[in-house]
Protein chains: 2
Amino acid sequence: MTDSGTPAVKSVETAFRIIEALHERGGAGVTELASALSFPKSTVHNHLQTLERNEYVVKADDTYRVGCRFLELGAHARDRRPIYEVARPEVDRIAEETGELSGVVVEEHGRGVFLHRAKGERAVHVDTYAGKRIYLHGAALGKAILAHLPEERVDEIVDRHGLPALTENTITDREELAAELAAVRESGIAFDDEERLEGLRSVGAAITGSNGEVLGAISVAGPTTRLREDRFREELPAAVRSAVNVIDLNVTYS
Amino acid sequence: MTDSGTPAVKSVETAFRIIEALHERGGAGVTELASALSFPKSTVHNHLQTLERNEYVVKADDTYRVGCRFLELGAHARDRRPIYEVARPEVDRIAEETGELSGVVVEEHGRGVFLHRAKGERAVHVDTYAGKRIYLHGAALGKAILAHLPEERVDEIVDRHGLPALTENTITDREELAAELAAVRESGIAFDDEERLEGLRSVGAAITGSNGEVLGAISVAGPTTRLREDRFREELPAAVRSAVNVIDLNVTYS
DNA sequence: CCCTGGCGTTCAATGATACTGAACAGCTTC
DNA sequence: GAAGCTGTTCAGTATCATTGAACGCCAGGG
């Protein structure tokens, strides 16, 4: 459990529950949402009407959808992250040069959030997209970030989210994680060998600011069948390193 | 006023008022928000805590910020628009070939929302960004969309938002607007001669689906000094037309 | 060293208000 | 034509969001 004590504005939570349900199914009607969330129809209707009046939800033919107004909030939040502008072209370049999937992630609330992701020619079609949130302990990106956070912060995060097994390779033990993070700190590179998704390997590295604080991480990912030992352990890490190098320079001098 | 009758979930509205205030100033504290919005401190605090617990707001050192979670909602809403995927590369191409600013917009709640925007080499630095909302009557993009909407829908929109003057060239008269829209329908191209921003001219065209419904519009914009008659009236419209052609094909066959 | 002024946070009371479920209206379908 | 599905409206009630004052904290200055 996280916390969720008493003080909370309940109506706001139900509003977001409704928005999320709308988001997941990409549009729905009042009755469908009401039964899915087990709220009374009138409650759902009231909220949808409020959200529509504020232009956060769009209604078309008795079907409500999430509005593009959220793009304003989300894109702005993303653009404000100092890492975004500089990491983006490098991520695009990595994707193009390797042909695989590349992305940039920042930490929020103990989880990773994708700011951007680029597909190379042969990139696998996995579930990464802008805004997608992932567990930090089960991804190269995440482990790279964790490795550069203070130890007590890592404990906080593990306390909050646990170490759920995503595949049979996921690290689910605190000590094992600590050892792994030490190795990442040592080499500067984090590996993910089918720890998040079966058949997917990835290589990541953290971007740190001038004060040593973590700004985020970048990675390349591809199918295990194509990422054999040499490519996985040497070639891709080199590509990531060179990108990090460029990003670091641009972060500190801008 | 638009409408805003009685039925509305007030707490949800104040929550969004707070989010918007946070968004505008890119991070703020409780007291600052409370005095800016003239809500009691405790109310603001309650809402921020609720939003943070739901990971929509991030707190760092007594400063609250809009979280990247909104990106998930916004990016998804954008990606679902059938026009986005196909218009995006064309908009990028236009920006590169003309060196100016290009963008793609959809209609929501009687206003235009930018889904994407690309800057060419010499593009002006104006206030367009993903999620930015604009009045339809004062932009090439907007007039292109209005021209392809049913007449009663246009009336609804004008009733709701009025025809506020954005510059001294903005069309503020309903009949004048109707005549302009007829001309746009005729030629397929909409012009904006400093009607939205002084010194800015733009050229736009609508994208329509197979049933004749408007999916959105694309445009190119640049400073009046660089968009002299020939370029403004012939060259850029040709570029827009060719992009629309490509987009139309990809929309109907996919 | 204490005291003031700023902050974010907590608390308990209360009155507004969000929720509720049944009834309504418009639609398609059988 | 009626049954079943929508989205929508309504009025009562108990919930719960709101409130302002009090608290704890930190920095600065007397």
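Predicted model only: the values in this text are computed from it and were never measured. So you know, we letter chains A, B, ... as the sequences are listed, proteins then strands, and number each from 1. The figures that follow rest on heavy atoms only: side chains count, while hydrogens, waters and symmetry mates do not.
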Visitor: Can you tell me which residue pairs pass the side chain to side chain donor-acceptor pair (under 3.5 Å) test with a partner in residues 127-140 of chain B, sequence neighbours excluded?
Guide: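 The answer is A:E55-B:R133, A:E72-B:Y129, B:D127-B:K132.
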Visitor: Rounded to the nearest angstrom, tell me the gap between atom NZ in B:K59 and atom P in C:dG8.
Guide: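 In whole Å, C:dG8 P lies 10 Å from B:K59 NZ.
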Visitor: Let me check the geometry of the helix from C:dG8-D:dC23 to C:dC30-D:dG1. What is the bend angle between the axes at its two ends, five pairs each, to 10°?
Guide: 50°
Visitor: Do the side chains of B:T50 and B:N54 get nearer than 4.5 Å, heavy atoms only?
Guide: yes
Visitor: Rounded to whole angstroms, how far apart are CD1 on A:I18 and P on C:dA18?
Guide: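 To the nearest whole Å, that distance equals 13 Å.
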Visitor: Taking the basic N atoms (NZ, or NE/NH1/NH2) and the acidic carboxylate oxygens, is any pair closer than 4.0 Å for A:R153 and A:E156?
Guide: yes
Visitor: Whole-Å distance between D:dC16 P and B:N46 CG?
Guide: 14 Å
Visitor: Look at B:T50 and D:dA17 and indicate whether a side-chain polar atom (N or O) is within less than 4.0 Å of OP1 or OP2.
Guide: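 So the side chain of B:T50 is outside the cut-off, no N or O lying under 4.0 Å from OP1 or OP2 of D:dA17.
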Visitor: Tell me: CZ of B:R17 to C1' of D:dT18, nearest whole Å?
Guide: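 Nearest whole value for this atom pair: 17 Å.
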Visitor: Identify whether the distance between the nearest side-chain nitrogen and carboxylate oxygen of A:R17 and A:E20 falls below 4.0 Å.
Guide: yes
Visitor: Partners of B:P40 by side chain to side chain contact (heavy atoms under 4.5 Å, CB included), sequence neighbours excluded?
Guide: B:S42, B:T43
Visitor: Taking only side-chain N and O atoms of A:K10, does any of them lie within less than 4.0 angstrom of OP1 or OP2 on D:dT18?
Guide: no
Visitor: Using whole Å, report how far CG of B:L48 lies from P of C:dT10.
Guide: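 So the CG-P distance, B:L48 to C:dT10, works out to 13 Å.
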Visitor: Between A:V12 and A:D62, just flag the one whose closest nucleotide in DNA chain D comes earlier from the 5' side.
Guide: A:D62
Visitor: A:L215 versus A:P82: any side-chain heavy-atom pair under 4.5 Å?
Guide: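 In short, these two side chains touch, coming nearer than 4.5 Å.
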Visitor: So which of residues 19-44 of chain B are in contact with DNA chain D, with a heavy-atom cut-off of under 4.0 Å?
Guide: B:P40, B:S42, B:T43
Visitor: Take the angle between the ring planes of A:H116 and A:Y84 and call it parallel below 30°, perpendicular above 60°, tilted in between.
Guide: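 Judged by the thresholds at 30° and 60°, the geometry between A:H116 and A:Y84 is perpendicular.
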Visitor: Only pairs at least two apart or in different chains count here, so list each side chain to side chain donor-acceptor pair (under 3.5 Å) that has a residue in residues 172-185 of chain A.
Guide: A:K143-A:E180, A:D159-A:R174
Visitor: For D:dC16, does either OP1 or OP2 sit under 4.0 Å from a side-chain N or O belonging to A:S11?
Guide: no
Visitor: Flag yes if more than 12 heavy atoms outside A:E151 fall under 6.0 Å of its CD atom; otherwise flag no.
Guide: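 Counting neighbours around CD of A:E151, 12 or fewer heavy atoms of other residues, nucleotides or ligands fall under 6.0 Å, so no.
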Visitor: Could you label the plane-to-plane angle of the A:F16 and B:Y56 rings as parallel, tilted or perpendicular, counting under 30° as parallel and over 60° as perpendicular?
Guide: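 Taking B:Y56 first and then A:F16, their aromatic rings lie parallel (interplane angle under 30°).
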Visitor: Side-chain N or O of A:H45 versus OP1/OP2 of D:dT8: is the shortest distance under 4.0 Å?
Guide: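 Checking D:dT8 against A:H45, a side-chain N or O does come within under 4.0 Å of OP1 or OP2.
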Visitor: Taking atom CD of A:E186 as the centre, does the number of heavy atoms from other residues, nucleotides or ligands within less than 6.0 Å exceed 12?
Guide: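 No, the 6.0 Å shell around CD holds no more than 12 heavy atoms from other groups.
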Visitor: So, does B:S35 use its side chain to make a donor-acceptor pair with the main chain of B:E32 at under 3.5 Å?
Guide: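 Answer holds: yes.
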Visitor: Please report the distance, rounded to the nearest Å, between CG in A:L51 and C1' in C:dA18.
Guide: 14 Å
Visitor: When you check the phosphate oxygens OP1 and OP2 of C:dT9, does a side-chain N or O of B:Y64 lie under 4.0 Å from one of them?
Guide: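 Looking at the OP1 and OP2 atoms of C:dT9, one of them is under 4.0 Å from a side-chain N or O of B:Y64.
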Visitor: Hey, does the side chain of A:H47 come within less than 4.0 Å of C:dA18's phosphate (OP1/OP2), counting only N and O?
Guide: no
Visitor: Could you tell me the separation between the CD atom of B:E13 and the P atom of D:dT18, rounded to a whole number of Å?
Guide: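 Rounded to the whole Å, the gap is 11 Å.
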Visitor: Let me know the distance between CD of B:Q49 and C1' of D:dT19, rounded to the nearest Å.
Guide: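 Computing the B:Q49:CD to D:dT19:C1' distance gives 16 Å.
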Visitor: I'd like a list of close polar pairs between nucleotides 26-30 of chain C and the protein, N/O only, cut-off under 3.5 Å.
Guide:
none

